[in-house]
Amino acid sequence: TLSFNLPESVPSSPTSSVFSDSSEITMSSASSRPDSTRQTSADVAERDYFNENPAPASLEKYTKQAKEFIDFHAAAGRRVVLVTSGGTTVPLERQTVRFIDNFSAGTRGATSAEYFLESGYAVIFLHRQFSLLPYSRHYSHATDCFLDFLHEGPDGSVVANEEYQSKMLKVLRQYNSAKKQNLLLTLPFTTINDYLFVLRSIAQLMRPLGPSGLLYLAAAVSDFFVPPERMVEHKIQSTNATDSQKNSAKENVESEETFDNFDSSPAVPRSKRLIVDLDPVPKFLKNLVDGWAPEGMIVSFKLETDPEILVHKAQYSLDRYQHHLVIGNLLSTRKWEVVFVAPGQSDKWIRVPRRRKTIVGKENIPDGGEESDRPLNPNDLPEGE
Ligand SMILES: CC(C)(COP(=O)(O)O)[C@@H](O)C(=O)NCCC(=O)N[C@@H](CSSC[C@H](N)C(=O)O)C(=O)O
C-alpha cells in the first residue's frame, strides 16, 4: 500500500492509502524551504494578482463553510485533505460566452477523494462545477445515464436493477456515511480566478493543521488568462458588430498589431480573425508552499502529453516549489499509470496491470499495481481506453 507517512509530530493515526500498490512513498515535512520572511517576486505577483482581480462572490460563503469544517475535524483530531479536481476556465468576455478550458473530467480527484474518505480523512473537495463527484461519479450522466440502472417495481416504486444492486448499495452506504459524519465538503469553481481565490483562502485556513493538513492538487489549472484590463464586456463579435462593439473589440484588434509577425494566415483578413492575448497566471504553487500552507503536506500533479519530458518537468516542479510529492501523468495513459517523484527518492512508475480496468475504473480499483522504471507505450493500451 502506498502510504503517506506523516512526520512524527502528527497525532498517531493509520497511514492513508491513496493508491493500492506495493510501493512506499514516505513524505516527511520539507525542511529546506527558503526563508519565507523576505518578499519574493512570487509575493509581488500574488499581491498584484489578488489586488487586480475581483474576488468571486462566493468567496466569503465558501471561506465560512471551510473554516467551520476544518475546525470541526481539527477538534476531533481528524486529518483534513483538500482535493482539487477538474479544469479551470479562462473567460474571454466579462459576460462570458467563450472561454478557454483545461481538460479534466474530475475522475482523478473524485476517485482519490473516495479513497481519502475510506482512509479516515475529512475531505474538502474543491471541484469544477458539474465535474465528477465522489461516489456519484459511478452513476453520473458523463459515464452512464443513471436511469439505465433503475426500473419500475410492481408497486410503482423505483427499483435498482438486480445486476447493479450490490455495487449501488455499497456506494450509497459510503456516500450516506460520509454525509452523516460531515466528512465531505464540496465547493465548486468555474474560472481560474474562482479557483485561485478559494484555494488561497482554504490553504490559509488549513495552516493551523500543520502536517495534518494535506493539499492534493489534482485540478487542471490554467497557465494563461485574460487580465481584467483587457477583458471586453460583451460577446466578441465575428461579423456585423455595431460601432460600440467594434470600439470595444478594437482593444482586441489593437493587440493584434503586436502580433504582425505572427500573421501566418494572410488568406483570412485580420478583421475576421480572433487573436487572443493572454498573460501568464502567477505560479501560485510557490505561494502555496511558502506562504499559504507552509507546514502542510503538499502533493501536486504534473500533466504532460510528451513522455520524454514528463519526469523532468515533475522533478523541476519539485525542485522549484520544494513540496512533498509530484505525481506525474501522461494524458494518454493517465488512467493506467502515474509516476511518483519525491525528494531523495527514485522516480517510481505505478501501473494498473493491463488485464484489469483502469487505475480509476468504475468497477474494480486494482488490488495491487505493477511497478516499473519507465512509462507505458500508449500503443500498448487495451482497446477502448
Ligand atoms: C487532470 C488529470 C490528468 C486527471 O484527469 P481527470 O481524471 O480526467 O480529471 C490530473 O491527473 C492532473 O494531472 N492534474 C494536474 C494538471 C495540471 O494542470 N497540473 C499543472 C501543475 S498544477 S497547476 C500549478 C501551476 N501551473 C503552477 O505551476 O503554479 C501542470 O501540469 O502544470
Side-chain angles (χ1 to χ4, degrees), residues 18-19 40-43 45-46 49 82-90 100-115 125-134 137-138 140 142-143 189 192-193 195-196 198-200 203 215-225 278-293 298-307 309-341 350 352 357-362 365 375 378 385:
V18 173
F19 293 95
T40 64
S41 60
D43 296 333
E46 174 186 345
Y49 179 88
L82 169 66
V83 176
T84 68
S85 179
T88 61
T89 68
V90 172
I100 299 172
D101 205 348
N102 267 45
F103 166 80
S104 172
T107 310
R108 177 86 76 215
T111 305
S112 300
E114 288 178 23
Y115 272 70
F125 191 64
L126 179 60
H127 66 286
R128 167 69 177 277
Q129 190 174 35
F130 308 132
S131 67
L132 294 175
L133 293 171
R137 70 180 176 91
H138 300 277
S140 84
T143 47
F189 64 79
I192 177 67
N193 192 59
Y195 175 80
L196 290 176
V198 179
L199 175 70
R200 180 176 70 158
L215 294 96
Y216 183 90
L217 306 173
V221 182
S222 318
D223 281 315
F224 302 97
F225 77 117
L278 302 176
D279 282 3
V281 171
K283 292 297 180 188
F284 75 85
L285 216 44
K286 182 103 191 94
N287 308 77
L288 193 155
V289 172
D290 293 347
W292 303 348
I298 300 170
V299 178
S300 72
F301 278 76
K302 175 54 74 180
L303 172 62
E304 295 296 344
T305 53
D306 179 354
I309 64 170
L310 177 63
V311 172
H312 168 72
K313 291 293 286 286
Q315 284 165 339
Y316 176 79
S317 177
L318 196 67
D319 295 345
R320 179 173 184 184
Y321 301 123
Q322 301 282 298
H323 51 311
H324 300 91
L325 176 64
V326 178
I327 302 178
N329 54 175
L330 294 168
L331 185 65
S332 56
T333 60
R334 71 188 186 283
K335 293 193 172 188
W336 297 87
E337 60 178 4
V338 293
V339 59
F340 283 76
V341 178
I350 297 174
V352 171
K357 289 188 74 74
T358 64
I359 200 168
V360 286
K362 287 187 303 176
I365 299 294
E385 282 303 327

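Each ligand, and each atom within it, is numbered from 1 in the order the structure gives. Keep in mind that the numbers below use all heavy atoms, side chains included, and drop hydrogens, waters and symmetry copies.
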Taking 4.0 angstrom as the limit and counting only heavy atoms of [X], give me the atoms of ligand 1 inside it, by number and element.
X: Leu285; answer: 29 (O)
X: Lys283; answer: 26 (N), 27 (C), 28 (O), 29 (O)
X: Gly106; answer: 6 (P), 8 (O), 9 (O)
X: Thr107; answer: 6 (P), 7 (O), 9 (O)

Legend entry - Interatomic distance, Phe225 atom CZ to Leu196 atom CG [nearest 0.5 angstrom]: 9.0 Å
Inset, instruction - Output the distance between atom OG1 (Thr111) and atom CZ (Arg137), rounded to the nearest 0.5 Å. - result: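 Output value for this atom pair is 3.0 Å.
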Legend entry - Any donor-acceptor N/O pair, His324 side chain to Val299 backbone, under 3.5 Å: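 Answer holds: no.
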Legend entry - Check: Thr89 main-chain N/O paired with Asn102 side-chain donor or acceptor under 3.5 Å: no
Please work out whether any backbone atom (N, CA, C, O) or any side-chain heavy atom from C-beta onward of [X] is under 4.0 Å from ligand 1, and answer side chain, backbone, both or neither.
X: Lys302; value: both
X: Ser131; value: neither
X: Asp223; value: side chain
X: Asn329; value: side chain

For a 4.5 angstrom cut-off between non-hydrogen side-chain atoms, does [X] reach [Y]?
X: Leu199; Y: Leu217; result: yes
X: Pro282; Y: Glu46; result: no
X: Lys283; Y: Asp223; result: yes
X: Arg128; Y: Phe189; result: yes

For [X], is at least one N or O under 3.5 Å away from an N or O on ligand 1?
X: Ala218; result: yes
X: Leu303; result: yes
X: Gly86; result: no
X: Ser104; result: yes

Inset, instruction - List the steps, then state whether side-chain contact (heavy atoms from CB on, under 4.5 Å) holds for Phe340 with Ile350. - result: CA-CA 8 Å; Phe340 283 76; Ile350 297 174; 3.1 Å; yes
Inset, instruction - Please work out which of Tyr321, Tyr316, Phe103, Phe284 has its closest non-hydrogen atom nearest to atom 24 (C) of ligand 1. - result: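 Among Tyr321, Tyr316, Phe103, Phe284, the closest heavy atom to atom 24 (C) of ligand 1 comes from Phe284.
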Inset, instruction - Identify which of Ser85, Ala105, Ala220 has a heavy atom lying nearest to atom 8 (O) of ligand 1. - result: Ala105
Inset, instruction - Could you establish whether Ala110 and ligand 1 come within less than 4.0 Å of each other, counting only heavy atoms on the residue side? - result: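 No, Ala110 has no heavy atom closer than 4.0 Å to ligand 1.
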Inset, instruction - Determine whether the side chains of Tyr321 and Ser300 contain a donor N or O and an acceptor N or O closer than 3.5 Å. - result: no
